[in-house]
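Start at 1 and go down the list; that is how both ligands and their atoms are numbered.
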Amino acid sequence: MDSSKVKVVTCIAPVNIAVIKYWGKSDENLIIPINDSLSGTLSMDFMCAKTTIIASPELQENTFWLNGKEQSFNNKRLTNCLQEVKRLASKSLPHLNWKFSIKSENNFPTAAGLASSAAGYACLVSALAKLYEIEDNVSFIARMGSGSACRSMYGGWVLWCKGSSPDGRDSIAKQIAPASHWPEMRVLILVVNDERKKYSSTDAMKRSVETSELLKYRANQIVPKMTKACIEAIQKKDFEIFAEITMKESNSIHAICQDTYPPCVYLNDTSHTVANAVHAYNEFKSSNKVAYTYDAGPNAVLYLLDSSVDEFMSVINYLFPPQDTAEYYKGLPLSSNQLSQDLKMALNIPVQEPGCLKYIIHTKIGEGPKILTDPQQHLL
Ligand SMILES: Nc1ncnc2c1ncn2[C@@H]1O[C@H](COP(=O)(O)OP(=O)(O)OP(=O)(O)O)[C@@H](O)[C@H]1O
Ligand SMILES: C[C@@](O)(CCOP(=O)(O)OP(=O)(O)O)CC(=O)O
């Protein structure tokens, strides 16, 4: 390929974990949510999507490779994103109509309930926006790939406002506090060993909208109050309130999932044991030190401050003995403290079979998508 006629862009983008969940759409095609949602963006040091786009007049057709496998371009979400980015681009760009090749990789499991679609679409849209020299807030375009992806367009703490425009133009994400605002915040992802096929969040939330009366009450009455209170708790760095809202909110969407007909049950015995351990630990400490939240799967995501990580990990290591310690701990360092006798008594939870947890990722709040300029970092 003639290098003077080639445009290459590489981008990395993060995963986000909601503390106020998005569950239900008012427009399935444009992906407009029925309620606002709020999330923390996770550090890209340990989990990220990476995408390279190469555009050239010499390419004959568009191609898209994900984790080494060619994907079809016949995908409405992908084509909606592309169409929208091109609509915003200046029509005078010489490379606007060049064909391109996209290659993307996630450094963590794809489609395993770890929000790969959020990181993936945020990465794709950020790379496309760079390629077509668009400076505006393009979170509404990432939203058209996967709703939760719009929140991965920013670092720190991010609010996705549902908006009121029928075309979704104001259904966008905005940062409410940067990653540096609450540097003590840590995140533990307890990946539950579970091979059962889950229902996709897309299908399940559609069924909730169609069948759950409770969902309307949640979206109209509960979420607005919780969102306001949670933003305040984040701004004041009030972990006690933040944790209570986070846990109640996760329980609320799983109650909606149970109220959906037929129900969509995501949590399993291990998920419930983790939640019980969090409540027992918080009671032992006489305040909320750890908060759990669950998305559309059994994995527990725990928000906690760095001062609680060592002691709470002693609880997890005691209750959930690993089957295979190789590659069990990923991310930031974790110490292997012994559980104190007092705490063991207070937990009053039996030790689980070895291997209930597959592995644990220890991470923190991080920055939003980043363009990588070093040619060594391109995937193509
Ligand atoms: N890096 C990526 N680039 C583009 N698209 C991606 C990327 N990673 C994932 N996707 C898209 O997201 C899909 C997986 O989304 P899915 O919702 O099933 O899983 P998940 O996001 O990992 O889990 P969950 O939504 O339950 O947290 C993939 O099949 C692909 O279409
Ligand atoms: C439970 C959730 O993780 C749901 C995420 O749903 P998706 O963003 O994956 O759904 P689509 O918009 O249909 O792609 C809650 C959340 O992240 O807010």
Give me the nearest non-hydrogen protein atom to atom 3 (O) of ligand 2 as residue plus atom name, then the distance to 0.1 Å. D295 CG, 3.4 Å
Would you say atom 12 (O) of ligand 1 has a protein heavy atom nearer than 4.0 Å? yes
Using 4.0 Å as the upper bound for N to carboxylate O, is an ion pair formed by K289 and E311? no
Just going by heavy-atom distances, which of M205, K25, R143 is nearest to atom 13 (O) of ligand 2? K25
Option passing side-chain contact (heavy atoms from CB on, under 4.5 Å) with V315 (candidates V290, L347, V278): L347
Compute the centroid of each ring, for Y266 and then for Y294, and state whether the two points are separated by less than 6.0 Å. no
The answer for which part of K206 has a heavy atom under 4.0 Å from ligand 2 is neither
Under 4.0 Å from atom 3 (N) of ligand 1, is there any protein heavy atom? yes
Can you name the closest pair of heavy atoms from F312 and A277 and give their distance? CE1-O, 4.2 Å
Is there any N or O on A149 that sits under 3.5 Å from an N or O of ligand 2? no
Within the 6.0 Å centroid threshold, strictly below: H279 and Y292: yes
F64 contact mode with ligand 1 (heavy-atom cut-off under 4.0 Å): side chain
Do side-chain atoms of S104 reach the backbone of K50 as a donor and acceptor pair under 3.5 angstrom? yes
In terms of atom number and element, which parts of ligand 1 are under 4.0 angstrom from non-hydrogen atoms of S104? 1 (N), 2 (C), 3 (N)
Students should be able to answer this: which protein heavy-atom is nearest to atom 9 (O) of ligand 2, and at what distance? S201 OG, 3.4 Å
Looking only at protein heavy atoms, which one is nearest to atom 6 (C) of ligand 1, and what is the separation? L66 CD2, 3.9 Å
At a 4.0 Å cut-off, with the gap strictly under it, does some heavy atom of R151 reach an atom of ligand 2? yes
Would you mind finding which of Y121, Y294, Y22 brings a heavy atom closest to atom 4 (C) of ligand 2? Y22
Hey, are K76 and E28 close enough for a salt bridge, meaning a charged N less than 4.0 Å from a carboxylate O? no
Going by the 4.0 angstrom heavy-atom rule, the piece of S146 near ligand 2 is both
With the threshold set at under 4.0 angstrom, would you say W160 reaches ligand 2 through any of its heavy atoms? no
Indicate yes or no: does E367 engage K370 in a salt bridge with an N to O separation below 4.0 Å. no
Before signing off on this row, confirm whether S117 and ligand 1 have an N or O atom pair separated by under 3.5 Å. yes
What part of L114, side chain from CB on, backbone N/CA/C/O, both or neither, has a heavy atom under 4.0 Å from ligand 1? backbone
Give me the atom names and distance for the closest heavy-atom approach of I141 to C81. O-SG, 3.4 Å
Considering all heavy atoms of both residues, which atom of S101 and which atom of L59 are nearest to each other, and what is their separation? N-CD1, 3.8 Å
Measure the distance from atom 18 (O) of ligand 1 to every protein heavy atom, then report the residue, atom name and distance (to 0.1 Å) of the closest one. A111 CB, 3.8 Å
Examine the proximity of ligand 2 to S148 and report which part, side chain or backbone, both or neither, has a heavy atom under 4.0 Å away. both
Side chain, backbone, both or neither: which applies to T202 and ligand 2 if a contact is any heavy-atom pair less than 4.0 Å apart? both
With a 6.0 Å cut-off (strictly less than), is the heavy-atom count around NZ of K358, excluding the residue itself, greater than 12? yes
Between W157 and F242, does the ring centre distance come in under 6.0 Å? yes
